[in-house]
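Before any comments, here is the structure.
In this chain, numbering begins with 1 at the start of the sequence shown. Values below: every heavy atom of this structure, side chains too, minus hydrogens, waters and symmetry copies.
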Amino acid sequence: MSTKPEFLTLNAEVFYNGPALEAAGIGPDMWDEDRLSEYLEDGVAFEAEDDPNSAIVQYPSEEGGLAMLLRWDDEAYELLNAWPFLPEVVSTPASPFRIGESPEGDQAFVTCQVGGAALVYFEDSYLLTRDEYRAGEVEFAQFYAIGAQLRPAGAGALEIGPDDPAYASLLESGSAPNAKGNLEFSLAGAALMAPRFDIAPNAYEFRGPVVSLAELNDWIVPDAAIARVTVMRPFEDEDGQPDAEGLDLPILLRKELLEGGDWPNPGDEVEGIIYVYGSGFAAPFDDDEEDAPEAGVPILR
């Protein structure tokens with residue numbers, strides 16, 4: 001069992017997912033009265049046992065599309081928030097250490113440790129998983145991302161100066177300073193993520209190689225695909241050395257947001273801005289295992 005995380009209360013406005021919805025192609029025309037009625041009638045609903053007036057509805061199915069957080073106000077359901085979710089995720093051990101909740105406790109941004117890196121994600125099922133977080137039981141998470149910008153990665157180099165804590169050890173391992181006394185490393189093949197808190201708590205600027213790409217023929221908007229991109233390499237091997245294995249994050253892409261308008265190919269290095277989403281869970285399980293839950297947070301494939 002993991003250590004119980006620290007809990008904070010955040011302003012409700014910070015949970016607005018409008019930019020990610022727009023990036024996914026879900027614009028104002030998707031929210032007229034008839035469409036919203038269709039979402040509620042045909043979607044799959046998940047309710048929290050301790051909160052019968054709130055629900056998460058996934059449309060068109062629990063396999064991928066649009067998720068909505070709803071609350072009953074004695075006359076009708078009020079739409080509190082919405083976000084896109086994907087039919088592909090990457091699952092990994094994760095240790096949540098900070099939870100930023102909404103005032104009502106039904107939404108959260110989770111900061112967790114993944115290997116040697118920290119990652120912030122919007123918890124897409126917090127209404128259903130909050131008790132596990134509060135009990136310190138979440139030990140794994142599954143992640144995906146919505147791409148807001150994507151372009152071919154430019155050539156670049158990373159320079160580390162003598163004031164950097166890693167400078168001395170890199171010198172000892174054979175790295176040679178340049179004319180300015182800095183250590184210079186090519187970014188070719190690098191997998192990097194940098195927080196963009198000025199955009200959103202779960203926004204990141206990233207760079208990495210494309211592992212695979214699959215077009216989505218049944219997504220809720222046309223011309224979409226999922227690219228798996230190695231966005232960081234936070235793991236260590238048995239000897240405590242950096243492992244070549246990386247976190248291959250599924251990222252929703254739409255052609256109109258791509259520089260040049262063409263899908264990237266496996267092996268291409270790309271960069272851009274993404275919004276990270278995820279779900280925490282207590283232990284990994286398969287659908288055919290006896291202890292797999294019959295209801296609750298679906299494990300997205």
Query - Closest non-hydrogen atom pair between C112 and A94, with its separation - result: SG-CB, 4.0 Å
Report summary line: Output for pair (M68 CE, L79 CG), nearest 0.5 Å, gives 7.5 Å
Query - Any residue meeting side-chain hydrogen bond (donor to acceptor under 3.5 Å, both in side chains) with N17, in chain and number order, not counting sequence neighbours - result: N81, Y277
Requested in this report: Hey, could you give me the CZ/CZ distance between R207 and R151, rounded to the nearest 0.5 Å?
Outcome: 10.5 Å
Requested in this report: Working to the nearest 0.5 Å, report the span between OH of Y144 and CG of L249.
Outcome: 10.5 Å
Report task. Could you pull out the closest heavy-atom pair between R130 and D50, with the gap in Å? Result -> NH2-OD1, 3.4 Å
Query - Distance, nearest 0.5 Å, that separates CG of L69 from CH2 of W83 - result: 5.0 Å
**Report entry** Presence of salt bridge, E101 and R134, under 4.0 angstrom
**Finding:** yes
Query - Note, W72 side chain near E78 side chain (heavy atom, < 4.5 Å) - result: no
Query raised in the report: With side chains defined as the heavy atoms from C-beta onward, is the minimum distance between E271 and F206 less than 4.5 Å?
Result: no
Requested in this report: Starting from the C-alpha separation in whole Å, work towards a yes-or-no answer on side-chain contact (heavy atoms from CB on, under 4.5 Å) for I99 and T111.
Outcome: CA-CA 6 Å; I99 314 291; T111 305; over 6 Å; no
Report task. Test V44 against E62 for side-chain contact (heavy atoms from CB on, under 4.5 Å), laying out the working first. Result -> CA-CA 6 Å; V44 180; E62 63 188 78; 3.9 Å; yes
Query raised in the report: With Y275, which residues qualify under ring-ring contact (aromatic ring centres under 6.0 Å, His included), at least two apart?
Result: none
Requested in this report: Indicate the atoms forming the closest heavy-atom contact of Y59 with G43, along with that distance.
Outcome: CD1-N, 4.1 Å
Query raised in the report: Should I56 and M30 be regarded as members of a common hydrophobic cluster, given that ILVMFWY residues are connected when their side-chain heavy atoms come within less than 4.5 Å of each other, either directly or indirectly?
Result: yes
Query - Residues E245, R233: salt bridge by 4.0 Å N-O rule - result: no
**Report entry** Within one Ile-Leu-Val-Met-Phe-Trp-Tyr cluster: I251 and I199, side-chain cutoff 4.5 Å
**Finding:** yes
**Report entry** I274 to M193 - nearest heavy-atom pair and separation
**Finding:** CD1-CE, 4.2 Å
Query - CD on Q149 to CG on L253, rounded to 0.5 Å - result: 12.5 Å
**Report entry** Min side-chain heavy-atom separation T92-L247 under 4.5 Å
**Finding:** yes
**Report entry** Shared hydrophobic cluster, V229 / L257 (ILVMFWY, side-chain heavy atoms < 4.5 Å)
**Finding:** no
Query raised in the report: Out of curiosity, D248 CG to F143 CZ, how far, rounded to the nearest 0.5 Å?
Result: 13.5 Å
**Report entry** Side-chain heavy-atom pair F140, S91 within 4.5 angstrom cut-off
**Finding:** no
Requested in this report: Carefully, step by step, assess E6 and L8 under the rule side-chain contact (heavy atoms from CB on, under 4.5 Å).
Outcome: CA-CA 7 Å; E6 172 191 12; L8 309 170; 3.5 Å; yes
**Report entry** Sequence-distant partners of N178, side-chain hydrogen bond (donor to acceptor under 3.5 Å, both in side chains), two or more places apart
**Finding:** E184
Query raised in the report: Hey, quick one: are V89 and V211 part of the same hydrophobic cluster, counting side-chain heavy atoms closer than 4.5 Å, chains of contacts allowed?
Result: no
Query raised in the report: Out of F122, F197, Y121, which one pairs with F109 under the ring pair (Phe, Tyr, Trp, His ring centres under 6.0 Å) rule?
Result: F122
Report task. Would you please name every residue forming a ring-ring contact (aromatic ring centres under 6.0 Å, His included) with F235, sequence neighbours left out? Result -> none
Requested in this report: Considering non-hydrogen atoms only, spot the tightest contact between A23 and I146 and give its length.
Outcome: CB-CG2, 4.1 Å
**Report entry** S279 side chain reached by S125 side chain, heavy atoms, under 4.5 Å
**Finding:** yes
Query raised in the report: Hey, mind stepping through T129 and V138 against side-chain contact (heavy atoms from CB on, under 4.5 Å) and telling me if it holds?
Result: CA-CA 9 Å; T129 59; V138 172; 5.8 Å; no
Query - Heavy atoms of other groups near E22 CD, more than 12 under 6.0 Å - result: no
**Report entry** Non-hydrogen atoms of I220 and P60 that approach each other most closely
**Finding:** CG2-CD, 3.7 Å
Query raised in the report: Sequence neighbours excluded, which residues qualify as side-chain hydrogen bond (donor to acceptor under 3.5 Å, both in side chains) partners of E205?
Result: R196
Query - Verify same cluster id: F7, V120 (apolar side-chain graph, 4.5 Å) - result: yes
Query raised in the report: Testing E104, E47, R71 for side-chain contact (heavy atoms from CB on, under 4.5 Å) with S54, which one passes?
Result: R71
Requested in this report: Mind checking side-chain hydrogen bond (donor to acceptor under 3.5 Å, both in side chains) for D268 and listing every partner two or more places apart, or none if nothing turns up?
Outcome: none
**Report entry** Heavy-atom side-chain proximity of E63 to Q58 below 4.5 angstrom
**Finding:** no
**Report entry** Non-hydrogen side-chain atoms of E259 and P152 separated by less than 4.5 Å
**Finding:** yes
Query raised in the report: Any side-chain heavy atom of L252 sitting closer than 4.5 Å to one from W219?
Result: yes
